[in-house]
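To start, the structure itself, in structure tokens.
Order of the sequence lines fixes the chain letters, A, B, ..., with proteins taken first and strands second; residue numbering starts at 1 for each chain. Everything numeric in this text was worked out from a predicted model, so none of it was measured. Computation of the quantities below employed the complete heavy-atom set of this structure, encompassing side-chain atoms and omitting hydrogens, waters and symmetry-equivalent molecules.
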Number of protein chains: 2
Amino acid sequence: MKDHHSDVRLTPGARRILDTASALFYHHGIHAVGVDLIATESGVTKRTLYDRFGSKDTLVTAYLRNRHQQWWTRWEQRLENAPPPRALTVFDSYTADAPMSDRGCAFLNAAAELPPTHPGYQVIRHHKEQVRERLRHLIAEDPRIHNPDHLAGHLFLLVEGAIAHRGIDGTDDRLTHARAMAEHLLASAGEHTPAHP
Amino acid sequence: MKDHHSDVRLTPGARRILDTASALFYHHGIHAVGVDLIATESGVTKRTLYDRFGSKDTLVTAYLRNRHQQWWTRWEQRLENAPPPRALTVFDSYTADAPMSDRGCAFLNAAAELPPTHPGYQVIRHHKEQVRERLRHLIAEDPRIHNPDHLAGHLFLLVEGAIAHRGIDGTDDRLTHARAMAEHLLASAGEHTPAHP
DNA sequence: CCTTAGGTACACTGATCTGTGAAGTCAAAG
DNA sequence: CTTTGACTTCACAGATCAGTGTACCTAAGG
């Protein structure tokens, strides 16, 4: 529990490789970053990289898995001390630390440049599915809301649209606006629920 | 007017290069497609490609410009015979022909793998800005709607979220749902407008 | 003491990348 | 008849790509 990272079964070198690769992949794209750079930047030989991860594709997949795990943990933490409606924390989770999200969503970006056959692609799908599902549960915490699934779908699109543009616009504005819209949506869904006036 | 394409000042070879490059860039990503493949696939020499476009970056920029022009024209056409609320046509414009959108939004995908310094990046920003602005105007066509800008922002995020997931999910479901949500939003914004009961 | 794990150092392969140089073909327009 | 524009052929540069083979070092654990 002293390490906040995902897989503790990682060698010190492997840990550094994964962290470096994560930063580089996220900020410059996957195809744009070569293994030589990753090795150099992590103070490790390319030989070590291949001894630990076997291939670039595997490293990419590890990157996505690690990223999901990190993001999920952070969200869970934020969720603990959050006042209802807790669904709104998704937006805050992105706005939180800038260098972690200044290029938008790592998963959407990866999906944009990886072929659907890539082993990492199912990690992407899994991540998005998990987020949407968790969102649905959080919305359903308010018993006055009758259609949590529909509302979850709506909020999910708002999040995805906003975070997709986070990288393009360079601002958190879209995220902030999306949060406000979501807040209004949740409020009005909780208000006139039993029977409309 | 006999050619539906953007820049008529293009040589036959250049036209084929641009069309081929567009298809390849969109379906496999920009970094994943080399100039050799583009040249071969368009039945043209690499020499010709460089004589016409100068560099790959320029070709990429031309691709984005062309794509914007095409998309915009198609939208404009669809807009002509559309019943109000005409803002909903954005969704249809994406759902229309599958091979043109089965990998999601070309501009979001390009933004995901290009550095912000790339000459094509401002084309991306321009495209998105134009779409949002047009959306705002279309929404304002209904005089009963008081906050067209806010509503445009909302619809825009729904579109972007849905189209970003078009490539991941492989389905038009997200787009269809987004359209339904937008329809409801527009309807309720048009209904209780003068003073709420 | 000896094995094993996690490395380093470094040369090297073969493929692919963007981009260029030089010479030649062909048709249309002046 | 000659120039110009679009295009071909093909060789080649120089960099970078993912990935491997071999030998060596060092610390921890049996």
- prompt: Base, sugar-phosphate alone, or nothing: which one does B:Asp36 contact when heavy atoms must sit under 4.0 Å apart?
  reply: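 Answer is base: heavy atoms of B:Asp36 come under 4.0 Å of a base.
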
message: What I want to check is whether an N or O donor and acceptor connect the side chain of B:Lys46 with the base of C:dG19 at under 3.5 Å.
response: yes

message: Counting distance alone, no hydrogens or angles: does the base of C:dG7 have a donor or acceptor under 3.5 Å from a partner atom on the side chain of A:Arg47?
response: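 Answer no: no donor N or O sits under 3.5 Å from an acceptor.
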
task: Using heavy atoms to find the nearest nucleotide of DNA chain D for A:His31 and B:Thr45 separately, return the residue whose nucleotide is more 5′.
output: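 In this pair, the answer is B:Thr45.
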
field: Contact summary for B:Ile124 and B:Ala110, nearest pair of heavy atoms
entry: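 Closest approach of B:Ile124 to B:Ala110, heavy atoms only: CD1-CB, 3.9 Å.
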
Whole Å only: how far is the [atom1] atom of [X] from the [atom2] atom of [N]?
| X | N | atom1 | atom2 | result |
| --- | --- | --- | --- | --- |
| B:Arg16 | D:dT8 | CZ | C1' | 12 Å |
| A:Asp51 | D:dG21 | CG | P | 11 Å |
| B:Leu10 | D:dC7 | CG | C1' | 15 Å |
| B:Lys56 | D:dA15 | NZ | C1' | 15 Å |
| A:Leu49 | D:dT20 | CG | P | 12 Å |
| A:Ile17 | D:dG19 | CD1 | C1' | 14 Å |
| B:Phe53 | C:dT20 | CZ | P | 15 Å |
| B:Leu59 | C:dG19 | CG | P | 10 Å |

field: Phosphate OP1/OP2 of D:dA6 contacted by B:Thr48 side-chain N/O (<4.0 Å)
entry: no

- request: May I ask you to verify if any side-chain N or O of B:Ser55 is less than 4.0 angstrom from the OP1 or OP2 atom of C:dT18?
  value: no

query: From C:dG7, D:dT8, D:dT20, pick the nucleotide closest to the side chain of A:Arg52?
result: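 Minimum distance to the A:Arg52 side chain belongs to C:dG7.
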
field: Residue B:Tyr50, side-chain atoms from C-beta onward, closest of C:dG19, C:dG7, D:dA18
entry: C:dG19

field: Lys/Arg-Asp/Glu bridge criterion (N-O < 4.0 Å) met for A:Lys128, B:Asp169
entry: no

field: Test: A:Arg86 and A:Asp142 ion pair at under 4.0 Å
entry: no

field: Separation of B:Trp75 CH2 from B:Leu138 CG (nearest 0.5 Å)
entry: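 Interatomic distance, B:Leu138 CG to B:Trp75 CH2, rounded to 0.5 Å: 5.5 Å.
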
query: Does CD belonging to B:Glu141 count more than 12 external heavy atoms closer than 6.0 Å?
result: yes

